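All values reported here derive from a predicted model rather than from experimental measurement.
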Number of protein chains: 2
Amino acid sequence: MTRYSGQSRMLVAVDCIIFGFDGEELKLLLIKRGFEPQKNKWSLMGGFVQGDEGFETAATRILKKLTGLEGVYMEQLFAFGEPARDPVERTVSITYFTLIDINQYKLQINDEYHAEWIALDKLPDLIFDHTEMVKMAQEKLRYKAAIHPILFELLPLKFTIPQLQLLYEAVYDATFDKRNFSRKVLSTGLLIKQKDKDRLSSKRGAFYFKLDKRKYNAKFNAFLNFVTDPGNIK
Amino acid sequence: MTRYSGQSRMLVAVDCIIFGFDGEELKLLLIKRGFEPQKNKWSLMGGFVQGDEGFETAATRILKKLTGLEGVYMEQLFAFGEPARDPVERTVSITYFTLIDINQYKLQINDEYHAEWIALDKLPDLIFDHTEMVKMAQEKLRYKAAIHPILFELLPLKFTIPQLQLLYEAVYDATFDKRNFSRKVLSTGLLIKQKDKDRLSSKRGAFYFKLDKRKYNAKFNAFLNFVTDPGNIK
DNA sequence: ACAAAAGTGTTACCCGTACACCCATGC
DNA sequence: GCATGGGTGTACGGGTAACACTTTTGT
């Protein structure tokens with residue numbers, strides 16, 4: 001027996017929803033699609049899964065091709081498979097939710113793809129069902145970040161607590177009390193205070209912190225509860 | 001332009017991980033696979049996605065064929081796509097996580113598929129990567145039930161609080177204090193007390209409750225926190 | 001009468017929230 | 001010296017966990 005008979009075979013693509021944070025706004029990395037149909041329309045970064053690779057391998061390959069980055073936070077989001085989602089041919093898409101440090105990316109811009117960081121609240125129309133994918137990814141970001149410390153993945157190795165707070169506020173479009181926020185964050189024991197300060201964003205300067213990688217990995221699945229009442233989200 | 005050129009096309013299957021609860025144990029609905037390869041080995045219920053249907057449509061169709069049930073709780077779990085997961089031919093599998101009331105099912109057994117309810121802790125070897133799928137589904141069940149009131153989907157329309165507690169205890173392999181448990185459950189306002197009692201499992205009898213469907217739908221996305229410390233899970 | 005499970009109330013502690021002032025520095 | 005953002009402490013309230021006894025009824 002070499003094949004199953006009488007069944008439809010389909011193209012399988014991988015699309016990456018790539019989040020970044022520039023210190024003020026949440027952004028998505030989008031590209032101008034390089035081939036028909038819809039050439040030159042905005043699109044998520046994606047590509048077809050090859051015959052000999054799994055989904056995660058394909059997503060990693062595609063991400064590396066676009067950003068040069070490896071070892072970033074990536075997890076499968078959802079499989080989209082409506083029959084008419086790609087007008088050319090039946091194509092299913094396995095989407096990946098990706099968080100990267102926007103500054104690391106800047107160092108190795110790859111212009112081959114005409115990629116740009118675009119603020120989440122100023123997204124253009126995207127091809128196919130990519131807008132729906134982005135919406136789902138954003139919901140997942142909010143959902144998951146309320147419970148797990150994933151947002152550190154969007155920050156540089158060294159960051160300050162005010163920076164971290166700005167990030168949470170951007171994700172939830174809300175404001176938090178800085179006293180309670182810093183106490184809560186520090187009480188997790190995930191942060192290691194550095195000796196130096198960030199002197200760019202204030203006169204006094206704010207101490208840098210690093211993630212305690214060991215505790216981060218150990219505690220990742222603990223329910224952290226950074227965000228008190230998810231009903232607060234605007 | 002009618003096709004993308006130079007790409008691999010693959011079979012796409014849907015597999016359902018179907019949970020049930022018989023009052024004592026969590027069970028999975030498994031079938032003896034009816035075709036080669038691995039004919040007569042235990043397997044999840046699944047089938048190929050047809051050319052004109054989406055994943056959810058396919059999963060619904062397959063579930064109905066097996067159990068006769070419609071309108072049950074179902075959500076996409078994960079897309080499995082390792083190149084060698086099916087030795088016959090490259091096949092990706094979109095898995096669906098399904099919760100059904102085991103008693104409703106009993107009324108319409110469909111023996112065509114040699115389906116059986118098998119306790120989660122006595123699972124036989126399953127074909128391909130189905131064991132991995134089950135493991136992931138079980139993790140999702142524990143994760144999600146700690147936050148959302150999904151376990152009601154496993155119970156009949158009318159159920160007692162001791163029954164509900166047994167279910168939570170089965171899911172988390174833990175025991176809970178019945179006073180705290182019932183207070184917590186009732187405080188959600190999701191339950192409507194009935195006038196009649198279940199007299200089978202005790203001499204005194206326990207009052208039946210029904211779900212308040214309206215509140216259930218409204219509150220589904222609230223974080224409920226039935227399970228105090230997920231670290232408690234054995 | 002006794003066994004078996006249902007049902008209910010109180011207390012103590014911890015965590016989360018609200019809230020206001022001082023500190024360090026560049027200009 | 002003043003404006004800007006960084007950093008800290010306290011008091012109150014709500015919710016969760018620990019804990020034991022009474023009720024009902026079938027045998």
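- Here A:K197 lies out of heavy-atom contact (under 4.0 Å) with every strand.
- Proximity note for A:R183 (side chain, C-beta onward) versus C:dT25, D:dT10, D:dT8: the nearest is D:dT10.
- Side chain of B:R204, nearest nucleotide from D:dT25, C:dG9, D:dT23: D:dT23.
- Regarding A:L200, its CG atom lies at a distance of 12 Å from the P atom of D:dG6, rounded to whole Å.
- Atom-to-atom, CG of B:L191 to P of C:dG7 comes out at 12 Å; the value is rounded to the nearest Å.
- Scanning atom types as modelled, one donor and one acceptor separated by under 3.5 angstrom connect the side chain of B:R179 and the base of D:dA20.
- The side chain of B:K178 has D:dA20 as its nearest neighbour among D:dA20, D:dA18, D:dT8.
- Checked against a 6.0 Å centroid threshold, the rings of B:F19 and B:F21 do not count as neighbours.
- Comparing D:dG7, D:dC19, C:dA4 by their nearest atom to the side chain of B:K203 picks out C:dA4.
- We find that CG of B:D198 is positioned 14 Å from C1' of C:dA4, with the value rounded to whole Å.
- Side-chain contact annotation: B:D15 with B:T95, donor-acceptor N/O pair under 3.5 Å absent.
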### Query
Passes side chain to side chain donor-acceptor pair (under 3.5 Å), B:Y216 versus B:E153? Steps please.
CA-CA 11 Å; B:Y216 176 69; B:E153 304 287 347; 2.7 Å; yes

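- Taking atom CG on B:L166 and atom C1' on C:dA6, their separation rounds to 13 Å, with Å as the unit.
- Spacing between atom CZ of B:F209 and atom P of C:dA6 amounts to 12 Å, rounded to whole angstrom units.
- Between the CG atom of B:L186 and the C1' atom of C:dG9 there is a distance of 14 Å, given to the nearest Å.
- Look at B:K122 and B:E25 and you find a salt bridge, because one of the NZ, NE, NH1 or NH2 atoms lies within 4.0 Å of a carboxylate O, short of that distance.
- In this structure, CZ of B:R199 is placed 12 Å from P of D:dT27, rounded to the nearest angstrom.
- Listed candidates were D:dT8, D:dG6, D:dC19. Nearest to the side chain of B:D177 is D:dC19.
- Salt bridge present: B:K158 and B:D196 bring a charged side-chain N and a carboxylate O closer than 4.0 Å.
- If A:G205 and B:Q163 are placed on DNA chain C by their nearest nucleotide, the residue sitting closer to the 5' end is B:Q163.
- Taking atom CZ of B:F176 as the reference point, atom C1' of D:dA18 lies 15 Å away to the nearest angstrom.
- Nucleic acid contact class of A:T160 (heavy atoms, under 4.0 Å, all strands): none.
- Counting only heavy atoms from C-beta on, B:K184 has its side chain closest to D:dT16 among C:dT8, D:dT8, D:dT16.
- Candidate nucleotides D:dG7, C:dG9, C:dG7 were compared by shortest atom distance to the side chain of B:N180, and C:dG9 ranks first.
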